[in-house]
Amino acid sequence: MPELPEVETTRRGIEPHVLGRRVERLLVRDGRLRWPVPPELPATLAGQTIDAVERRGKYLLMRTAAGTVIVHLGMSGSLRVLPAETPPARHDHVDWVLDDGRCLRLRDPRRFGCVLWTEDDPMRHPLLADLGPEPHGEGFSGGYLFELSRGRTVGVKGFIMNSHVVVGVGNIYANESLFRAGIHPARAAGRIGRERYDELAGAIRDILAAAILQGGTTLRDFTDSEGKPGYFRHELQVYGRAGEPCTVCGAPLRLSRQDQRATVYCPNCQH
DNA sequence: CAACGGACCTGCCTGC
DNA sequence: TGCAGGCAGGTCCGTT
């Protein structure tokens, strides 16, 4: 489900409710996520105070004095802050029971997400250590994409969706960014010039920023930490619009599959 | 190394 | 109505 804007929306939503709160206990109803929730985590986390809620790519980091909880929402995960006594629904797998009578609750029907723990610098964790730059960070630019892509034959859509290249760009925003930049999604990454990568980097930054402002994109079931949907869906130019007219030239948008993912583009505007 | 396909899991929608 | 098949916002891992 969530790409960078949805994860950032979640982070901003939970931060004011969990920052400075003590975790009275961690309630794991079903620890069978992508990787098992560490069995010792409830004992380790009990009594710890959440000192920071950060995001790296699509990972959320909750820092305590003892270590850091690493959360990924996978395709279907969401976090909400609720009164601790709220009865759990199906797929509500983990609760962080807080010291103010509320809890942070992870719901993840497909269980592609994870809840992990590290006592070291979380940026050194194997899942985080090799991630590419943040789209809004220092290291990301057209020049960076241009240099890294030399000699690569993979389609540019797969290239920008690779978290080792740049974090946070999932299927929706990859489609949208390529449309904005006028680049055909199947074009080999290594055969795109510097100026077009400047366009693409700018499109990625602008679209992700706009989506964050709108609270993310709700297609089916994404909600923020208070249960509200994101409104960027109304701004989507191509994703989910196959067969409908291009908003620029009116040609019917085309649907294809690339890397087993739905890919929508304008055959007239994107080359 | 880079590229590709499969794997993980559930829910929802379509079509027979 | 039931059921099979395909699809979904992610990404790691094993194989070429």
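In what follows, chains are A, B, ... by sequence order, proteins preceding strands, each numbered from 1.
Below the 3.5 angstrom threshold, one finds no donor paired with an acceptor across the side chain of A/Arg261 and the base of C/dA8. Between the base of B/dT10 and the side chain of A/Arg111 there is no donor-acceptor pair shorter than 3.5 Å.
Residue A/Arg257 is the one, among A/Leu127 and A/Arg257, whose nearest nucleotide of DNA chain C lies closer to the 5' end (criterion: closest heavy atom).
Side-chain contact check for A/Thr217 and A/Tyr231: no donor-acceptor pair (N or O, by modelled atom type) lies under 3.5 Å.
A/Tyr59 comes within contact range of the sugar-phosphate backbone alone, with a heavy-atom separation under 4.0 Å but no base atom that close. Within 4.0 Å of A/Tyr239, counting heavy atoms only, lie sugar-phosphate atoms of the nucleic acid but no base atom. Using a 4.0 Å heavy-atom criterion, one finds that A/Arg90 contacts the sugar-phosphate atoms exclusively. Using a 4.0 Å heavy-atom cutoff across all strands shown, A/Arg233 reaches no nucleic acid atom at all.
Across the P atoms, C/dG6 and B/dG6 are found 13 Å apart, a figure rounded to whole Å.
When the side-chain nitrogen and oxygen atoms of A/His72 are compared with OP1 and OP2 of C/dT11, one or more of them lie within a distance under 4.0 Å. Side-chain N/O atoms of A/His91 include one lying less than 4.0 angstrom from OP1 or OP2 on B/dG11. Within the structure, a side-chain polar atom (N or O) of A/Gln260 is placed less than 4.0 Å from OP1 or OP2 of B/dG5. One finds a side-chain N or O of A/Arg152 lying less than 4.0 angstrom from the OP1 or OP2 phosphate oxygen of B/dA3. Residue A/Thr153 places at least one side-chain N or O under 4.0 Å from the OP1 or OP2 atom of B/dA3.
The NZ atom of A/Lys58 sits 4 Å away from the P atom of C/dT11 (whole-angstrom rounding). For A/Asp130 and C/dC13, the CG to C1' distance is 14 Å, given to the nearest whole Å.
Here the CZ atom belonging to A/Arg25 is positioned 12.5 Å from the CG atom belonging to A/Leu45, to the nearest 0.5 angstrom.
Ring planes of A/Tyr197 and A/Phe146: perpendicular class, angle over 60° (limits at 30 and 60°).
Taking the side chain as every heavy atom from C-beta outward, A/Arg21 and A/Asp100 approach each other to under 4.5 Å.
Look at A/Phe112 and the base of B/dC9; the rings do not stack under the cut-offs of 5.5 Å between centres and 30° between planes.
A side chain to side chain contact (heavy atoms under 4.5 Å, CB included) with A/Trp96 is found for exactly one of A/Leu27, A/Ile14, A/Val115, namely A/Val115.
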